[in-house]
Amino acid sequence: MINILIADDNLEFVKSFSNYILHKYENIRIANISSNGIEIIKELNQNDKIDIIILDLDMPVLNGIEFLKKIHLLKLHTYPKVIVLSAKISNFLEVQNNKNVYLCLSKISGFDFIGNEIEKIVKYIEHKDVEEKIVQELKYIGMNLNHIGTKYLTKAILEIYVNPDMGYNLEKNIYTKISKAERKSVSTIKSNILKAINYMYVENEFDKIKIYFSMKVEEKPTPKRMISAIIDKIK
């Protein structure tokens with residue numbers, strides 16, 4: 001069950017949106033409703049099971065913008081993914097670079113559009129065990145887990161695992177999606193992944209890599225080959 005916290009002081013919106021979520025999704029629960037940032041902080045300190053926060057920016061006492069500036073002070077084991085909702089798109093400029101903000105959406109987008117975006121996040125939360133398996137495979141073949149390229153590669157593998165219809169067109173589909181989420185260029189995502197693979201290739205015994213990727217000659221595995229092999233092993 002995915003737990004959502006809705007933070008908005010507009011009671012009419014909260015009631016309508018809560019009813020929409022509860023009637024459409026059996027795997028989503030409204031765990032808490034907060035009307036300001038102070039209430040959100042109090043709930044997060046008491047409940048470490050909040051997966052997603054639907055955050056309005058215009059709230060009294062402590063607004064959404066100020067809350068996002070303080071969230072890192074909570075020292076949470078796992079930070080919820082935040083979907084920012086606002087009627088004022090200009091507000092997005094103040095929060096879009098916050099690492100906890102997954103997405104910024106206009107309130108006028110409509111419940112169906114917002115619901116579809118929530119579904120996408122839910123997919124990844126429900127596949128958390130898959131991500132852990134991916135990390136173990138990368139560790140086994142000698143990838144440096146602290147390298148930013150390895151983290152991007154993990155996201156790429158998970159993306160294709162969760163959404164196989166996207167295919168293996170990495171630059172057009174996968175790297176582009178990661179670049180938007182990480183707010184980096186596609187070339188930066190690609191370059192860092194290649195650097196991480198090069199580090200793995202240089203620092204580890206080739207025989208192990210050769211067996212893992214079923215390679216007959218001494219060659220460096222491409223990102224596509226790595227992704228395909230790891231997905232096959234964790235299925």
Side-chain angles (χ1 to χ4, degrees), residues 2 51-52 71-72 75-82 96-104 117 119-235:
I2 302 300
D51 300 298
I52 301 170
I71 189 172
H72 70 283
K75 307 299 182 183
L76 304 175
H77 178 68
T78 302
Y79 286 84
K81 295 185 181 299
V82 179
Q96 62 185 4
N97 291 322
N98 186 291
K99 65 179 182 180
N100 295 297
V101 174
Y102 181 84
L103 195 63
C104 293
E117 295 303 321
E119 281 188 272
K120 293 176 184 178
I121 300 178
V122 168
K123 276 187 178 181
Y124 292 99
I125 295 173
E126 291 180 335
H127 285 88
K128 189 65 179 177
D129 60 326
V130 174
E131 184 175 358
E132 293 173 358
K133 290 179 182 179
I134 292 170
V135 170
Q136 289 305 311
E137 292 298 317
L138 292 173
K139 182 179 180 180
Y140 174 77
I141 59 177
M143 295 290 288
N144 180 355
L145 299 183
N146 293 319
H147 195 291
I148 189 63
T150 304
K151 294 178 181 179
Y152 292 156
L153 181 60
T154 302
K155 289 178 180 292
I157 298 169
L158 183 60
E159 188 70 48
I160 293 178
Y161 184 95
V162 175
N163 300 297
D165 291 343
M166 292 187 74
Y168 283 83
N169 191 329
L170 301 183
E171 290 192 48
K172 182 179 179 181
N173 296 329
I174 309 304
Y175 293 169
T176 297
K177 187 165 184 179
I178 295 172
S179 72
K180 290 179 180 178
E182 297 292 327
R183 298 178 178 88
K184 303 289 184 181
S185 68
V186 171
S187 61
T188 297
I189 301 299
K190 178 181 178 181
S191 174
N192 278 291
I193 288 176
L194 291 174
K195 287 177 182 178
I197 293 174
N198 185 64
Y199 176 89
M200 177 270 295
Y201 182 79
V202 171
E203 295 294 326
N204 291 279
E205 295 181 8
F206 174 73
D207 284 346
K208 187 174 185 179
I209 298 172
K210 181 179 178 181
I211 293 171
Y212 189 92
F213 294 105
S214 302
M215 297 188 298
K216 296 181 180 179
V217 296
E218 191 167 321
E219 59 180 326
K220 194 182 304 179
T222 64
K224 182 177 179 179
R225 187 166 193 166
M226 288 189 70
I227 293 170
S228 177
I230 290 173
I231 287 177
D232 284 344
K233 290 181 184 298
I234 65 175
K235 282 183 176 178

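Residue numbers run from 1 in the order of the sequence given. For clarity, every value in this text was computed on a predicted model and none was experimentally measured.
Two residues are said to be in side-chain contact when any heavy atoms from C-beta on lie closer than 4.5 Å; K81 and D51 fail this criterion. Side chains of P80 and I52 form no contact here, defined as non-hydrogen atoms less than 4.5 Å apart. Residues K133 and K233 are not in side-chain contact: their nearest non-hydrogen atoms beyond the backbone lie 4.5 Å or more apart. Looking at heavy atoms from C-beta onward, N173 lies out of side-chain contact with K177 at the 4.5 angstrom threshold. Put simply, the side chain of M166 reaches to within 4.5 Å of the side chain of I174, judged on heavy atoms. Residues I2 and I121 form no side-chain contact, since every pair of their non-hydrogen atoms from C-beta on lies 4.5 Å or further apart. Side-chain contact between K190 and P223: absent, with no pair of heavy atoms (C-beta onward) separated by less than 4.5 Å. You'll find the side chain of V82 stays beyond 4.5 Å of the side chain of N98, heavy atoms only.
Salt bridge K155/E131: absent, no basic N to carboxylate O contact under 4.0 Å.
In terms of modelled atom types and a separation under 3.5 Å, the side chain of N192 and the main chain of T188 share a donor-acceptor contact. The closest donor-acceptor contact from the side chain of Y175 to the backbone of K172 lies at 3.5 Å or more, if one exists at all.
Here the CG atom belonging to D232 is positioned 12.0 Å from the CD1 atom belonging to I227, to the nearest 0.5 angstrom. Between the CZ atom of F213 and the CZ atom of R225 there is a distance of 8.5 Å, given to the nearest 0.5 Å. Within the model, atoms NZ of K184 and OG of S191 stand 12.0 Å from one another, a figure rounded to the nearest 0.5 Å. Atom OG1 of residue T154 and atom CG of residue L158 lie 8.5 Å apart, to the nearest 0.5 angstrom.
Side-chain N/O atoms of N198 and K220 include a donor and acceptor closer than 3.5 Å. Counted by atom type alone, Y212 and E137 present one or more donor-acceptor pairs between their side chains at under 3.5 Å.
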For residues 138-151, which side-chain N or O atoms pair as donor and acceptor with protein atoms under 3.5 Å away, sequence neighbours left out?
{"from": "N144", "atom 1": "OD1", "to": "N146", "atom 2": "N", "distance (Å)": "3.0"}
{"from": "H147", "atom 1": "ND1", "to": "G149", "atom 2": "N", "distance (Å)": "2.8"}
{"from": "T150", "atom 1": "OG1", "to": "N144", "atom 2": "O", "distance (Å)": "2.7"}

